[in-house]
Structure formats: C-alpha cells, structure tokens
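Inspection log for the structure reproduced underneath, given as structure tokens.
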Amino acid sequence: MIQNALNEINRGCAEIIDNERIEKLLKAYYEEGKTYTVKAGFDPTAPDLHLGHTVLLQKLAAFQKYGGRVQFLIGSFTAMIGDPTGKSATRKVLTQEDIVKNIASYTTQAFKILDESKTDIVYNNEWLDDLGAGGMLQLASNLTVARMLERDDFSKRYASQTPIAVSEFMYPLLQGYDSVHLQSDIEIGGTDQKFNLLMGRQLQKAYNLKKQQAVLMMPILEGLDGVQKMSKSLGNYIGVTDAPNDMFGKVLSISDTLMWRYYELLSTKTLEEIAQMKTAVEDGSLHPKKVKEDLALEITARFHSETQANTAKEEFDKVHAKSQIPTDIEEFSCEGAIWIAKALQECNIEPSTSQARRDIKQGGVKINQEKVTDEKLQLTQGEYLLQVGKRKFAKLKVN
RNA sequence: GGUGAGGUAGUCAAGUGGCCAACGACGGCGGACUGUAAAUCCGCUCCCUACGGGUUCAUAGGUUCGACUCCUAUCCUCACCA
C-alpha cells in the first residue's frame, strides 16, 4: 500500500529532497491515520491556469488521496513584490483589486483537480502583514547577500547591471517564512523554485521547528513547441479554460515525442499502462495518432466533460482528417454585390484585399467547396460559404 | 557628465545617391504530401477593384532632377570612459 502511494507520488518528479520524511508521513497515515500538510504557493499574477500549472495541482491531488491536506497558499502579500525567479527584470506590482479578481477565477479552476474538502486556502498576507519591521529584520538576518547572489537569475542581473530591487531579495525569505508559519510537512513546486523551496527548510530550522519540510520538485512542462516552457506569454500553452475544440486540437498538435512527456505528467493512466502503449507503438501494433487522441480526450474531458470531449474529437476529424466543414461558422451579411477579395476581408478571414488576391491566385480560396480562380469575381445576391486555406471559414449572406 | 556606435517591414538583419517596396534568415500564410495543425518540398509575404496607383526605412526639416543612402535639429537605444 505504502509502496503504491510512494510510486504515485514519485511519478514524474524532477527531484525530491528528504524522501525519508515523506515515507514516514505516509507510514503514519496508514498506521495511525495521521494526516499531514502539503503546501504549494500560487502567485495570483495571472487569472488563468494552463496545463503547466496543473502538473503541480495533480501532484497535490495525489497527496490528497494518501492522507495529505493541501495548503493552497495564495501569495496575496508576496504578489506585491513579484517573484524574481527566472525573471530578467523587476516585475510589475499588482493592485489589490487585480489580485482579488485573479484569486477567484484561480481557485474555481484549481478545484477541477483538487479535492475541495481536503484543501485549505490560505493567504499569506494574514500573517505577513503582522510580521512588522522587527520580524522582517529577524527574518532577513537568516540570509547573507552572498548566498542570495549565488542565485543564477540574481547574479546574471547583477552582472549585467540590470536593477534588482531589495524587496525582491525578500521574496524567497517570505516564501520560506510561510512554511514556518504553516508548519508545512511537505512543499511542492517547480524545479525553478528550488532556491525558494529550500529556504523554507532553512528557515524552519532557524525558527526551531522540530521537523523540516520535505521538498518535491516537478519538472517544468514544455509548451506546444516542445522546447520552451509552457507559458502564456510565449503563446505555446493549453489553458484550463480553453474551449473543448481548441483544447483537443492543441493536444493533437504536439509532437509524438512530447506526447509521452504529457502522458507522464498529465495523464491519470498508470506508468505501466503508458509503458505498454509505448511498446505497442514501437512494434507497430498501435497507431500513435490513436494514442495521442486518447490523451487529448482525457485532458479535454477533465476540464469540460466526456461528451464535450467526444464532440470535439468528431469535430476535429470532420475538419482536419476528412477536410469537411466545421459545424460552427461565423456568419456575416452585406448589402449589395460585393467583390470577393473585399468579402473575405469583411468576414475577417483575410487581413487585406491584397492578401486575399494572393491566396486566390494560389488556389487557396473556396466558395461553396469550389476553388475560386477569378480574382475579380463579384458576389451577387445569395448565401455563400467562404473558405481560405484549410481552416478559415465564414458564411456570407449578400442581400 | 565625456566619447563612440546605431535606430530599416511581425522579429533578426543587408543595403551607404538612381538598378529599392527594399537581399537574406526566422516567423506567418497558401499549395503538395502525411495519422496530424509534425517533417519535407514548392509558392507568397506594405496597402489599394490593381498589367496601374499610393504610402514606407526613428521624427521633423533641408540639399538634389532624384535620398533608406548626404546635411541639420529632435527623440530613443547601446558600448566604452568617468
């Protein structure tokens, strides 16, 4: 039993510090029914979660299955500083209203994965506000500037003379202090958080807590391109709130190699099942397309519903595999005859008439499934199905 | 504060008086192919009812028949020195 739980908890992890502690906690749960706390911090700087965040959430959910109580920590205080991790410039500071708004949409999204009854949402301003200047100084005395500058992102910024606000130095300390206050047993975060996570251990010791938290680090999920980390600013993300069709399509667009990584970090399938699929694909008995479809279905169903996921699949097959027309097409209408290039522009499927002409010349424009060859074509009264390329559609009614 | 270099299309980056709507790369778009929105190959890539016209190379003026290219001023960026 314990071994099972351990396996599931270890799955996909990049690094675990103090695995023994985790084992002991699990043992105490199975033998004495004692629960323990697992802390994860979330920075309410953006309102939307993407699959990269859900890697952590799913790990938290795994802990919940085995006696863990999640401390879902909202960095309501620290958001005002901005985490310097991986950043090359001082971050913009958020206003209180922004933070409140972000938190609300954040938690609803998170509870699609987490068990709400085993989760405590905590806000770090509740105790950090009261820390006071004295407490702050005491806290800061636990760390030397030299150690702080050892951090890659800080030293790079320092070397390149990019400004570092002193307040940013406080960030890891405050995050670590959260662990002191909450007396967390385990903290999890991304590998890029290593410094901050270890600070929790160091501070717990400094503040004479009996046990130091174990630290579990998850790898950073690659984005759709398979190279850079998934992030909104890079545009290579799958958002938790993405429409079913988009979500399904985005998963299918990843490469076959990346697909296995997503399986490991995002799927609820067991590692054995995944290994079996992998062998089957390698010896040719299973088609990789099928495997990827299953993944897309699983992920889409998690955030929407099984029915919606299946609809999305059908829709995808229809449009891409069989090059048929999608179900929902935006409709436009206009008065009087209209020039084809102008019509495409009006329907927002071409940015300019020049681009429209080019695409017509190249045979990329279709009306009612028929290729358009005449770039001077006038559309007279009637209804038309306009198409540019394989996936831009519009319906136009000419009155 | 001083000195030097530079600002060119979505990005990077050529072009140093007419051959420039401006080489090239990436990206993007279209086509072929494919299980795929991957890879590969081909084409396109400022706007305009368009074999022609219009507006571009930080901004504003100027020189010239003609300027992205020369001059002047302004704004911004970067490097070195202090």
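The shown structure was predicted, so the numbers you read here are calculated from the model rather than taken from an experiment. Hydrogens, waters and symmetry mates are skipped; everything else that's a heavy atom, side chains included, is used. Chain A is the first sequence line, chain B the second, and so forth, proteins listed ahead of strands; every chain is numbered from 1.
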Pairing partner (Watson-Crick or G-U wobble, both distances under 3.5 angstrom) of [N]:
{"N": "B/rC29", "value": "B/rG43"}
{"N": "B/rG17", "value": "none"}
{"N": "B/rU49", "value": "none"}
{"N": "B/rC12", "value": "B/rG24"}
{"N": "B/rA73", "value": "B/rU59"}
{"N": "B/rU3", "value": "B/rA79"}

Rounded distance in Å - [atom1] ([X]) to [atom2] ([N]):
{"X": "A/Arg261", "N": "B/rA38", "atom1": "CZ", "atom2": "P", "result": "22 Å"}
{"X": "A/Glu293", "N": "B/rA37", "atom1": "CD", "atom2": "C1'", "result": "14 Å"}
{"X": "A/Glu350", "N": "B/rU45", "atom1": "CD", "atom2": "C1'", "result": "12 Å"}
{"X": "A/Lys371", "N": "B/rG30", "atom1": "NZ", "atom2": "C1'", "result": "10 Å"}
{"X": "A/Gln345", "N": "B/rC46", "atom1": "CD", "atom2": "C1'", "result": "14 Å"}
{"X": "A/Asn245", "N": "B/rA37", "atom1": "CG", "atom2": "C1'", "result": "14 Å"}
{"X": "A/Leu258", "N": "B/rA39", "atom1": "CG", "atom2": "C1'", "result": "15 Å"}
{"X": "A/Met277", "N": "B/rG35", "atom1": "CE", "atom2": "P", "result": "21 Å"}

Pick the [atom1] atom in [N] and in [M], then give their distance to the nearest Å.
{"N": "B/rC57", "M": "B/rU69", "atom1": "C1'", "value": "10 Å"}
{"N": "B/rG15", "M": "B/rA37", "atom1": "C1'", "value": "37 Å"}
{"N": "B/rU77", "M": "B/rU8", "atom1": "P", "value": "14 Å"}
{"N": "B/rA22", "M": "B/rG18", "atom1": "P", "value": "15 Å"}
{"N": "B/rA21", "M": "B/rG53", "atom1": "C1'", "value": "13 Å"}
{"N": "B/rG24", "M": "B/rC20", "atom1": "P", "value": "12 Å"}
{"N": "B/rA58", "M": "B/rG54", "atom1": "C1'", "value": "22 Å"}
{"N": "B/rC78", "M": "B/rG10", "atom1": "C1'", "value": "23 Å"}

Have a look at A/Lys390 and say if it touches a base, only the backbone sugar-phosphate, or nothing, with a 4.0 Å heavy-atom cut-off.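 Counting heavy atoms under 4.0 Å across all strands, the contact made by A/Lys390 includes a base.
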
Contact class for A/Gly389 (heavy atom, under 4.0 Å): base, sugar-phosphate, or nothing?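 Here A/Gly389 touches the backbone only, sparing every base.
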
Proximity to the side chain of [X] - top-ranked nucleotide from [options]:
{"X": "A/His287", "options": "B/rG35, B/rC29, B/rG31", "value": "B/rG35"}
{"X": "A/Ser352", "options": "B/rC29, B/rU49, B/rC48", "value": "B/rC48"}
{"X": "A/Lys292", "options": "B/rA37, B/rG35, B/rA50", "value": "B/rG35"}

Does atom CD of A/Glu370 have more than 12 heavy-atom neighbours from other groups under 6.0 Å away?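 No - once you tally the heavy atoms of other residues, nucleotides and ligands closer than 6.0 Å, there are 12 at most.
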
Check the orientation of A/Tyr177 and A/Tyr207. Use parallel for under 30°, tilted for 30 to 60°, and perpendicular for over 60°.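 Rings of A/Tyr177 and A/Tyr207: perpendicular, as their planes differ by over 60°.
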
Parallel, tilted or perpendicular, judged at 30° and 60°: which one describes the rings of A/His181 and A/Trp127?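 Plane angle under 30°, so parallel.
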
Can you check whether [X] has a side-chain N or O nearer than 4.0 Å to OP1 or OP2 of [N]?
{"X": "A/Gln355", "N": "B/rC46", "result": "no"}
{"X": "A/Thr353", "N": "B/rC48", "result": "yes"}
{"X": "A/Ser354", "N": "B/rC46", "result": "no"}
{"X": "A/Arg358", "N": "B/rC48", "result": "no"}

Does some side-chain heavy atom of A/Ile367 sit less than 4.5 Å from a side-chain heavy atom of A/Leu386?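 Yes, side chains in contact.
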
Within a strict 4.5 Å, meaning less than it, do heavy atoms of the A/Lys59 and A/Cys13 side chains meet?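 Side chain of A/Lys59 against side chain of A/Cys13, heavy atoms only: contact under 4.5 Å found.
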
Base B/rU49 paired with A/Gln378 side chain (donor-acceptor, <3.5 Å):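 Answer is yes: a donor-acceptor pair is held.
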
Below 3.5 Å, does any donor atom in the side chain of A/Gln362 face an acceptor in the base of B/rG43, or the other way round?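 Such a pair is found, so the answer is yes.
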
Return whichever of A/Lys376 or A/Val388 has its heavy-atom-nearest nucleotide of RNA chain B closer to the 5' end.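 This one resolves to A/Val388.
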
Closest-nucleotide mapping onto RNA chain B: is A/Phe248 or A/Val365 further toward the 5' terminus? I mean the 5' end.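 Closer to the 5' end of RNA chain B: A/Val365.
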
Between A/Arg201 and A/Asp18, is the closest basic N to carboxylate O distance under 4.0 Å?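 Judged by the 4.0 Å cut-off on N to carboxylate O distance, A/Asp18 and A/Arg201 do form a salt bridge.
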
Pair A/Lys313 + A/Glu293: basic N to acidic O under 4.0 Å: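 Here A/Lys313 pairs with A/Glu293 in a salt bridge, since their nearest N and O are under 4.0 Å apart.
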
Taking the six-membered ring of A/Phe393, is NZ or CZ of A/Lys366 closer than 6.0 Å to its centre and within 45° of its axis?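 Relative to the ring axis of A/Phe393, which defines the angle, A/Lys366 lies outside at least one limit.
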
